[in-house]
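Order of the sequence lines sets the chain letters (A, B, ...), proteins ahead of strands, with each chain counted from 1. Please read these numbers as outputs of a predicted model, since none were measured by experiment.
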There are 4 protein chains.
Amino acid sequence: MPSKRLGNTVPASHNARVSTTRSTLPSERRAHLVHLAGELFAEKGFRATTVREIADAAGILSGSLYHHFDSKESIGDEILTGFLDDVLAGYRGADADDPRAAIEQIVRTSSATLTRHRAALTMLQRDWNHFGAQPRFAYLRDAMREIEKTWITHLERGKKAGLFRADLDAKLTYRLLRDVLWMPTSWRQGEGGWGTDEVVDAFLRLLFEGINAPKRRRITSKN
Amino acid sequence: MPSKRLGNTVPASHNARVSTTRSTLPSERRAHLVHLAGELFAEKGFRATTVREIADAAGILSGSLYHHFDSKESIGDEILTGFLDDVLAGYRGADADDPRAAIEQIVRTSSATLTRHRAALTMLQRDWNHFGAQPRFAYLRDAMREIEKTWITHLERGKKAGLFRADLDAKLTYRLLRDVLWMPTSWRQGEGGWGTDEVVDAFLRLLFEGINAPKRRRITSKN
Amino acid sequence: MPSKRLGNTVPASHNARVSTTRSTLPSERRAHLVHLAGELFAEKGFRATTVREIADAAGILSGSLYHHFDSKESIGDEILTGFLDDVLAGYRGADADDPRAAIEQIVRTSSATLTRHRAALTMLQRDWNHFGAQPRFAYLRDAMREIEKTWITHLERGKKAGLFRADLDAKLTYRLLRDVLWMPTSWRQGEGGWGTDEVVDAFLRLLFEGINAPKRRRITSKN
Amino acid sequence: MPSKRLGNTVPASHNARVSTTRSTLPSERRAHLVHLAGELFAEKGFRATTVREIADAAGILSGSLYHHFDSKESIGDEILTGFLDDVLAGYRGADADDPRAAIEQIVRTSSATLTRHRAALTMLQRDWNHFGAQPRFAYLRDAMREIEKTWITHLERGKKAGLFRADLDAKLTYRLLRDVLWMPTSWRQGEGGWGTDEVVDAFLRLLFEGINAPKRRRITSKN
DNA sequence: GATGAATGAGACTTCATTCAT
DNA sequence: CATGAATGAAGTCTCATTCAT
């Protein structure tokens, strides 16, 4: 399994990260600060969010943040590592033999993970250029590579099994699908009043069947 | 036609905008500067791009930019207005009676427009929070509203005509589709080596038919 | 008493102002900075004084000023509000029944206040156009209006009581007198070696009696 | 006559100035530009007025101003020299033997001159610190010195003749009076609806007689 | 742990001035 | 004479970060 190989890499780099930070005990207070920061980063972007805003949200002075974190960057780091660890765990768990089932597993597990890490995902999308460029965030690229590999594997297996259209460009489809899957997360919470499940279901139907009305409904008893 | 009505509104607000800027004549030089700025904004984000970088790209000093523009913001403004005018023109031209044809028109025209304004679209997605908040950029919200209305109109008409699945949530589908349609533009040019047409075709097939292999392949020799 | 009524208005707007500034506690250090800034503003004008000069005078970097104040403007604000509060307090205290006594009280109290706030007054005169135009400084106009009302009230009462010439244009006289009263403050300290009292006395004699030699010259038929 | 002596100095430095400027012929166009600039300088202050604003007022581009003038400073120079030449001419013409008559002549001639050069006077008051500091504007200090000398001469002569109070501090009185005399000019035109003559008359009465009602009104029928 | 003051680098912007066309 | 483009110095302000108390 390719994910196994990559699996060693990513958490490793993550752990290396964490040790950089002063305290290893999430310590409740610290976790709260990370959460606050995440919300702000998601809302306004990483660069556009100032440490003072984070500190204000926490009711302390900006300088005091540095008792908890080395730098603003390390807060972002902590948020993103936590997120990607969860995502990868989900992907690795989606190991059904049937490619369609596997993909459905991925979609459903992602949906849950993404909801939990809404802010982190938004950060990732929004500030990918910022983070992706720095060596410190190499683990981001590693994680994305594992995710890509997982999708492509399932799509190709589906094609070979005659389940998916033979002319699917697996890589292109992956890009399209992953981005679509990640997209609703960035929609402002409850923007359209859609629950997570609604979106996922709509997405899955769209994905497997398209928007067309069923072709010859009289004969086929649906799907 | 609702688009006609809205059509008057949006360019009006647009023209009001433009008059704010010092010169109305694009003047070649100015257009070049706007283009350079757009590329940088798309690459690094609006806020993360400094006026010095823009000026450097143009081979002038940063202060000299202000001979051409009021502010960094007004450069962004110019880029976005130019883009949205084009987009809306495309949407308004997509007026086929058949909803499927209309949507296909939108997708195809969008594809061309988006290619031409790749940078602008990326800016819009990436820095929507930044721009959308300011009163100055109210026209952005107006334009997005017209776009939404157009999609929903076509989707609903398709549903009524029995062309599209009756259980489609038009608004949700619109969000999903529009974002998907706009997404590949932000992929770094030629990232996967996909040409524009390839992406559009893949997108349209996915859209209308899903990823499933055709239901009764034995009978139809199609595809 | 009209001054009473207005009395509520002006300090109110003042307090509203102050809350805008980061800290409400003058904090010693902050007060010192305000003082330094005031001296410079008086000497060179508000606009002509750079924040760097203020910072230099305080022995810190210019950016560090922004730890204490929102903006250069808010320093000016603080100086002017402090000044006007004092001035108005003096005017409100000058409530003798005899109009001549009241005016003398005003002149004498002003003299003391103006000495204490020499820099602020100079700013007010010199940069009135700058400040007066901005909505933020509306309280300036309020304060000036109260001052005018006070003078005019006393002058009119003096006219009715037959103490002042019946043909005095109260408003014009007020303008002339107030400006004269405020003028010496802007003279460079000790420019002519005149003490404050000297100037005030000269002013009061001029005011009440003019420059003519005493009338009772019955003998001389002149004039 | 002291004014004669100084008289040589001031216009000399003035002429030296003028030759600096490119064209000697006022040329109509140039005079217009100077006028426009003066109005703006008076309204907003010399420093606060940008050359672009002047150019805008004239309907040309800012760079084009430099075909007419060396620099912004030289425009200010031209305005001030023109003004002071006129003022001094007026002072020199006020040579009545009677000190009171002489002072009245000064006040009346000044009033006319000041009205004609309202903008210049406002500049002088407002931006004295700016100009007074530069060597280039040494003639300003010369002119002011002549003006002071003239007043003091008349005041002292009036004291010796028993016309003015013996305890007048001539220098202090001069400062007070000159500033008062110059003050109304800076009042926004027609601010109180006062005509020039009104102000001058009010001023003269105040000056000679003070604000007190005439001592023995019953007896004297006078005014 | 937190505060308050400060740093230092760098951001956006302004403006008088120059100059080729 | 005027334009349009550019310069370069300076100005206000922002912000991550440090550190003594």
Side-chain angles (χ1 to χ4, degrees), chain A residues 22-23 27 29-30 33 46-55 58-75, chain B residues 22-23 25 27-30 32-33 47-55 58-75, chain C residues 22-23 25 27-30 32-33 47-55 58-75, chain D residues 22-23 27 29-30 33 46-55 58-75:
Chain A
R22 255 160 219 167
S23 139
S27 93
R29 180 109 183 82
R30 178 195 181 80
L33 292 174
F46 182 77
R47 292 192 55 146
T49 303
T50 70
V51 297
R52 177 139 67 202
E53 285 165 334
I54 302 172
I60 57 179
L61 289 185
S62 67
S64 307
L65 274 180
Y66 289 80
H67 286 290
H68 302 278
F69 307 98
D70 287 346
S71 65
K72 186 184 171 187
E73 217 87 289
S74 83
I75 304 180
Chain B
R22 255 161 216 165
S23 143
L25 313 172
S27 96
E28 200 52 84
R29 183 94 184 92
R30 180 194 181 81
H32 182 227
L33 293 172
R47 291 194 56 147
T49 304
T50 70
V51 295
R52 183 135 56 212
E53 284 165 335
I54 302 171
I60 59 178
L61 291 182
S62 67
S64 305
L65 276 179
Y66 290 79
H67 178 63
H68 302 278
F69 307 98
D70 286 345
S71 64
K72 187 185 170 185
E73 215 91 286
S74 85
I75 304 180
Chain C
R22 256 161 216 166
S23 143
L25 314 173
S27 98
E28 199 54 81
R29 182 95 185 92
R30 180 194 181 81
H32 182 225
L33 293 172
R47 292 195 56 149
T49 303
T50 70
V51 294
R52 185 134 55 212
E53 285 165 335
I54 302 172
I60 59 178
L61 291 183
S62 68
S64 305
L65 275 179
Y66 291 81
H67 178 63
H68 302 278
F69 307 98
D70 286 343
S71 64
K72 187 185 169 186
E73 214 91 286
S74 84
I75 304 181
Chain D
R22 256 161 219 166
S23 138
S27 95
R29 180 110 184 82
R30 178 195 181 78
L33 292 173
F46 182 77
R47 292 193 57 147
T49 304
T50 70
V51 297
R52 176 137 69 203
E53 284 165 334
I54 302 171
I60 59 179
L61 289 184
S62 67
S64 307
L65 274 181
Y66 289 79
H67 286 290
H68 302 279
F69 308 97
D70 287 346
S71 65
K72 187 186 173 187
E73 217 90 287
S74 84
I75 304 180

K.L.:
Report the distance from atom CZ of C:Arg47 to atom P of F:dA10, rounded to the nearest whole Å.
P.N.:
18 Å
K.L.:
Please give, in whole Å, the distance from F:dG11 P to C:Glu73 CD?
P.N.:
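So the CD-P distance, C:Glu73 to F:dG11, works out to 16 Å.
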K.L.:
Does E:dT17 have OP1 or OP2 sitting under 4.0 Å from an N or O in the side chain of D:Tyr66?
P.N.:
yes
K.L.:
Where are the stems of DNA chain F, defined as at least 3 consecutive Watson-Crick or wobble G-U pairs with both distances under 3.5 Å?
P.N.:
E:2-21 with F:2-21
K.L.:
For the residue pair D:Ser62 and D:Arg52, what are the closest heavy atoms and their distance?
P.N.:
CB-CA, 3.9 Å
K.L.:
To the nearest angstrom, how far is A:Ile60 atom CD1 from E:dA2 atom P?
P.N.:
5 Å
K.L.:
To the nearest 0.5 Å, tell me how far D:Lys72 NZ sits from D:Leu65 CG.
P.N.:
11.0 Å
K.L.:
Does the pair D:Ile60 and D:His67 meet the rule for a side-chain contact (heavy atoms from CB on, under 4.5 Å), with working shown?
P.N.:
CA-CA 11 Å; D:Ile60 59 179; D:His67 286 290; over 6 Å; no
K.L.:
Looking only at side-chain N and O atoms, does B:Arg29 come under 4.0 Å of OP1 or OP2 in F:dA6?
P.N.:
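B:Arg29 to F:dA6 OP1/OP2: side-chain N or O found under 4.0 Å.
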K.L.:
Can you give me the closest heavy-atom contact between C:His68 and C:Arg29, atom names plus distance?
P.N.:
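That closest heavy-atom pairing would be CE1-CG, 3.9 Å.
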K.L.:
Of the nucleotides F:dT17, F:dT12, F:dG4, which one has an atom closest to the side chain of C:Val51?
P.N.:
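My answer, after comparing the listed nucleotides, is F:dT12.
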K.L.:
Measure from the side chain of D:Ser71, starting at C-beta and using heavy atoms only, and say which of E:dT7, F:dC15, E:dT17 lies closest.
P.N.:
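Nearest to the side-chain atoms of D:Ser71, counting from C-beta on, is E:dT17.
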K.L.:
Can you name the atoms? Protein N/O to nucleotides 19-21 of chain F N/O, anything below 3.5 Å, with the distance.
P.N.:
none

K.L.:
Quick one: OG on C:Ser64 to CG on C:Leu61, what's the gap to the nearest 0.5 Å?
P.N.:
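Separation between the atoms: 5.0 Å.
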K.L.:
Whole angstroms only, please: what is the CZ-P distance between C:Phe69 and F:dT14?
P.N.:
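Going from CZ in C:Phe69 over to P in F:dT14 covers 15 Å.
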K.L.:
Rounded to whole Å, please give me the gap between CD1 in A:Ile54 and P in F:dC15.
P.N.:
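Distance, rounded to whole Å: 12 Å.
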K.L.:
Which listed nucleotide (E:dC12, F:dT12, E:dT7) is nearest to the side chain of C:Lys72?
P.N.:
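When the side chain of C:Lys72 is considered, F:dT12 is the closest of E:dC12, F:dT12, E:dT7.
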K.L.:
Mind calculating the distance between CZ (C:Arg52) and C1' (E:dT7) to the nearest angstrom?
P.N.:
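Atom-to-atom, C:Arg52 to E:dT7, this comes out as 14 Å.
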K.L.:
Please state how far atom NE2 in D:His68 lies from atom C1' in F:dA2, giving the value in whole angstrom units.
P.N.:
8 Å
K.L.:
Could you work out the separation of F:dT21 and E:dG1 based on their C1' atoms and round it to a whole Å?
P.N.:
13 Å
K.L.:
Roughly how far, to the nearest 0.5 Å, is the CG atom of C:Leu33 from the CZ atom of C:Phe69?
P.N.:
5.0 Å
K.L.:
For C:Gly59 and B:Ser62, take the nucleotide of DNA chain E holding the closest heavy atom to each; which residue's nucleotide lies nearer the 5' end?
P.N.:
C:Gly59
K.L.:
Between F:dC15, F:dG11, F:dG8, which nucleotide gets closest to the side-chain atoms of B:Leu61?
P.N.:
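Shortest atom-to-atom distance from the side chain points to F:dG8.
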K.L.:
What's the CG-P distance between D:Leu65 and E:dT18, to the nearest Å?
P.N.:
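One finds 13 Å between P of E:dT18 and CG of D:Leu65, rounded.
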